[in-house]
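Please read the structure below before turning to the comments.
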Amino acid sequence: MSLLSVSSILPPPRLGTFSSCFQLLTLSSSPSIISVAHFRAQRNYIPHSTHIPDSHLKLQRLLTENKSGFKNLDNALSLFRKMLKMQPLPCHFHFCQLLTTLVKMKQYQVAFSLFREMCTLSIPVSIITFNIAINCCCHSNRVDYAFSLLATTFKRGFVPNVVTYNTLIRGLLSQHKFAEARLFFANLIKFRQVQPNVVTFTTMIDGLCKTGHTDMALSLFRFMEKSDCEPNTVTYNAIVNSLCKRGLVDDALNLHSRMMDEGIFPDVWTYSPIIQVLCSLKRWEEVGLLLDQMIHDMKISPDVHTFTILVDAYSKSGKLDDAKHLIQIMNERGENPDIVTYTSLMQGYCSQGQMDEALAMLNTIRSKKIMPTCYTYSILNNSIYNLELT
DNA sequence: ATAGGGTTAG
């Protein structure tokens with residue numbers, strides 16, 4: 001059964017919106033009552049809107065400096081408190097910047113509670129603020145809250161946009177609510193709520209793949225290829241990743257060549273899953289060729305994930321010195337190994353029965369102030385348990 | 001200033 005009929009999928013372009021924009025533009029360029037002479041007469045006048053208080057300039061600098069994440073959560077929270085006390089209040093843009101930074105720090109619940117506080121205190125919000133909050137709910141696995149926020153959005157007179165809907169679709173799919181996601185997507189199109197874009201389709205395709213509905217994902221992908229909304233690298237990557245997960249590495253390799261033929265450039269996200277599955281199949285020669293192509297021909301640098309895949313592959317084949325050497329290369333290149341990298345090497349030591357080395361690894365992790373995860377302890381526990389059995 | 005993708009255990 002096809003997901004959608006072709007005719008229902010793309011609403012006609014919204015000429016109304018474009019033409020009214022155009023009208024506005026024409027009006028604003030019509031002879032104006034404000035002339036150069038007007039400004040000359042008042043040359044000492046500084047318009048209110050251009051005056052930025054020092055506190056706001058300082059705030060802007062702080063937000064820009066820390067935009068990929070504050071050193072710790074308290075810094076972000078105390079900045080929020082300061083912002084609330086500022087006179088005049090910082091603009092909407094700055095509050096959004098702070099919330100976005102918290103999202104980058106994966107502090108979804110904190111970001112959401114700040115959003116709630118903003119609403120309680122009647123700090124101006126917009127559809128963008130709501131979208132950030134909806135995204136936080138989805139990432140905290142509370143897609144139910146996300147939908148109640150959608151209702152609030154309507155109640156407050158904001159118009160949800162394609163970002164709102166894409167976020168909600170992803171939220172439903174990440175909660176394995178496939179039927180709901182599909183219905184929501186179909187209704188958006190049926191009732192012309194929004195014009196889907198490449199992110200909408202890619203989100204659906206990726207979610208369909210991950211919920212085991214690969215046939216539907218492929219038909220949506222084929223539909224995109226024929227439509228005005230052409231697949232991009234991320235769309236191809238969703239399919240490549242799914243093929244790799246299903247062990248269909250040759251299909252993945254074919255798709256990889258096809259995307260290049262179509263003029264869509266692969267990125268590190270395309271290569272990593274293919275390299276991973278080739279490693280698991282011990283097709284080492286091809287791993288080498290692909291890495292060479294990626295690094296030298298395509299000029300794509302392996303990142304933490306790619307390196308970790310290789311560290312894991314070496315560890316699993318007992319080549320612990322090579323794995324250690326890779327970690328050294330990572331450090332030299334500034335691709336800092338993370339908990340997954342170290343856990344992979346630690347597992348290598350465990351499976352070789354080198355428990356002293358494995359425990360030393362745990363100490364290294366601690367000394368680097370990296371938080372071990374349940375994987376780290378579970379691997380250690382299982383090895384100790386297995387040793388006791390033998 | 002808002003949305004999409006890859007790595008580790010049993």
Side-chain angles (χ1 to χ4, degrees), chain A residues 60 63-64 67 90-104 111 115 125-136 138-139 146 153 158 160-171 173-174 194 196-207 209-210 231-242 244-245 252 266-277 279-280 302-313 315-316 335 337-348 350-351 365 372-383 385-386:
Chain A
Q60 187 148 29
L63 286 168
T64 313
K67 74 179 195 192
C91 65
H92 164 241
F93 174 88
H94 289 139
F95 281 102
C96 285
Q97 268 190 316
L98 180 63
L99 293 180
T100 304
T101 304
L102 285 166
V103 168
K104 291 215 178 94
F115 164 78
V125 288
S126 70
I127 186 60
I128 294 177
T129 336
F130 268 92
N131 285 347
I132 298 171
I134 288 172
N135 188 33
C136 288
C138 291
H139 277 288
T153 313
F158 296 120
N161 57 22
V162 68
V163 177
T164 323
Y165 294 117
N166 291 347
T167 308
L168 288 165
I169 291 173
R170 199 200 66 86
L173 286 165
S174 70
V194 76
N197 63 14
V198 64
V199 180
T200 323
F201 284 110
T202 305
T203 306
M204 274 309 288
I205 289 173
D206 185 57
C209 286
K210 286 180 180 148
N232 63 15
T233 304
V234 185
T235 324
Y236 274 94
N237 288 353
I239 310 276
V240 166
N241 189 39
S242 160
C244 290
K245 284 277 174 319
D267 60 9
V268 69
W269 300 74
T270 325
Y271 281 98
S272 295
I274 305 180
I275 289 169
Q276 186 190 19
V277 67
C279 284
S280 71
D303 66 5
V304 187
H305 297 265
T306 329
F307 275 115
T308 303
I309 287 165
L310 295 169
V311 167
D312 183 55
S315 298
K316 286 197 169 113
E335 291 291 344
D338 63 9
I339 185 60
V340 185
T341 326
Y342 288 122
T343 303
S344 299
L345 179 59
M346 195 197 72
Q347 189 185 15
C350 287
S351 56
I365 292 168
T373 65
C374 56
Y375 281 83
T376 322
Y377 291 118
S378 167
I379 290 162
L380 271 176
N381 267 334
N382 289 333
S383 313
Y385 178 74
N386 289 335

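Chain letters run A, B, ... following the sequence lines, proteins first and then strands; every chain starts at 1. This one's a predicted model, so the numbers in the text were calculated from it and none came from an experiment.
- At the heavy-atom level, Asn197(A) lies under 4.0 Å from base atoms of the strands shown.
- Residue Thr164(A) is classed as having no contact, given no heavy-atom separation below 4.0 Å to the nucleic acid.
- If you measure from atom CD of Glu335(A) to atom P of dG6(B), you get 18 Å, rounded to the nearest angstrom.
- Closest to the side chain of Asp206(A), out of dG5(B), dG6(B), dT8(B), is dG5(B).
- Distance from the side chain of Ile379(A) is smallest for dA9(B) among the nucleotides dA3(B), dA9(B), dT7(B).
- For the pair Met346(A) CE and dG10(B) C1', the interatomic distance rounds to 13 Å; values are reported in whole Å.
- OP1 or OP2 of dG4(B) sits under 4.0 Å from a side-chain N or O of Arg170(A).
- Across all strands, Val268(A) comes closer than 4.0 Å to base atoms (heavy-atom distances).
- Close to dT2(B), at under 4.0 Å from its OP1 or OP2, lies no side-chain N or O of His92(A).
- Checking side-chain atoms of Ser280(A) against main-chain N and O of Val277(A) turns up a donor-acceptor pair under 3.5 Å.
- For a distance-only test at 3.5 Å, the side chain of Asn135(A) fails to qualify as a donor-acceptor partner of the base of dG4(B).
- Here Phe93(A) does not pack flat against the base of dA1(B), since the 5.5 angstrom centre distance and 30 degree tilt limits are not both met.
- Using cut-offs of 30° and 60° for the angle between ring planes, the Phe130(A) and Phe115(A) rings count as perpendicular.
- As a whole-Å value, the separation of Ile309(A) CD1 from dG6(B) C1' is 6 Å.
- Residue-level contact check: Lys316(A) touches the backbone only, with heavy atoms under 4.0 Å from sugar-phosphate atoms and none from bases.
- Residue His305(A) places its side chain closer to dG6(B) than to any other of dT8(B), dA1(B), dG6(B).
- Between the base of dG6(B) and the side chain of Asp303(A) there is a donor-acceptor pair shorter than 3.5 Å.
- Atom P of nucleotide dA3(B) and atom CG of Leu99(A) are separated by 11 Å, given to the nearest angstrom.
- Considering only heavy atoms from C-beta on, Thr100(A) comes within 4.5 Å of Lys104(A) through its side chain.
- Taking each heavy atom of Asn135(A) and Thr167(A) in turn, the nearest pair found is CA-CG2, 3.5 Å.
- Contact annotation: side chain of Thr167(A) to base of dA3(B), donor-acceptor pair absent below 3.5 Å.
- The minimum heavy-atom distance linking Val240(A) with Thr270(A) is given by the pair CG1-O, 3.9 Å.
- Nearest heavy atom pair, residue Met204(A) against residue Ile169(A), reads SD-CG2, 3.6 Å.
- Atom P of nucleotide dT8(B) and atom CG of Asp312(A) are separated by 6 Å, given to the nearest angstrom.
- With rounding to whole Å, Ile339(A) atom CD1 is found 13 Å from dA9(B) atom C1'.
- For the pair Trp269(A) CH2 and dG6(B) C1', the interatomic distance rounds to 6 Å; values are reported in whole Å.
- At the heavy-atom level, Thr203(A) lies under 4.0 Å from the strands shown only through sugar-phosphate atoms.
- Counting non-hydrogen atoms under 4.0 angstrom, Val198(A) reaches a base of the nucleic acid.
- Of all nucleotides listed (dG4(B), dG6(B), dA3(B)), dG6(B) comes nearest to the side chain of Ser272(A).
- Residues Ala111(A) and Val103(A) approach most closely at CB-CG2, 4.4 Å, considering heavy atoms.
- The side chain of Lys210(A) lies closest to dG6(B), out of dG4(B), dT7(B), dG6(B).
- You'll find that the side chain of Val199(A) is closest to dA3(B), out of dA3(B), dG6(B), dA9(B).
- Contact annotation: Gln347(A) side-chain N/O to dT8(B) OP1/OP2 distance is not under 4.0 Å.
- One can place CD1 of Ile169(A) at 15 Å from P of dA3(B), the figure rounded to the nearest angstrom.
- Taking 4.0 angstrom as the limit, Gln97(A) places none of its side-chain polar atoms (N or O) nearer than this to OP1 or OP2 of dT2(B).
- Evaluation of atom-type donor-acceptor distances gives a pair under 3.5 Å for the side chain of Asp267(A) against the base of dG5(B).
- The residue His94(A) sits apart from the nucleic acid: no heavy atom pair falls under 4.0 Å.
- Counting non-hydrogen atoms under 4.0 angstrom, Lys104(A) reaches nothing in the nucleic acid.
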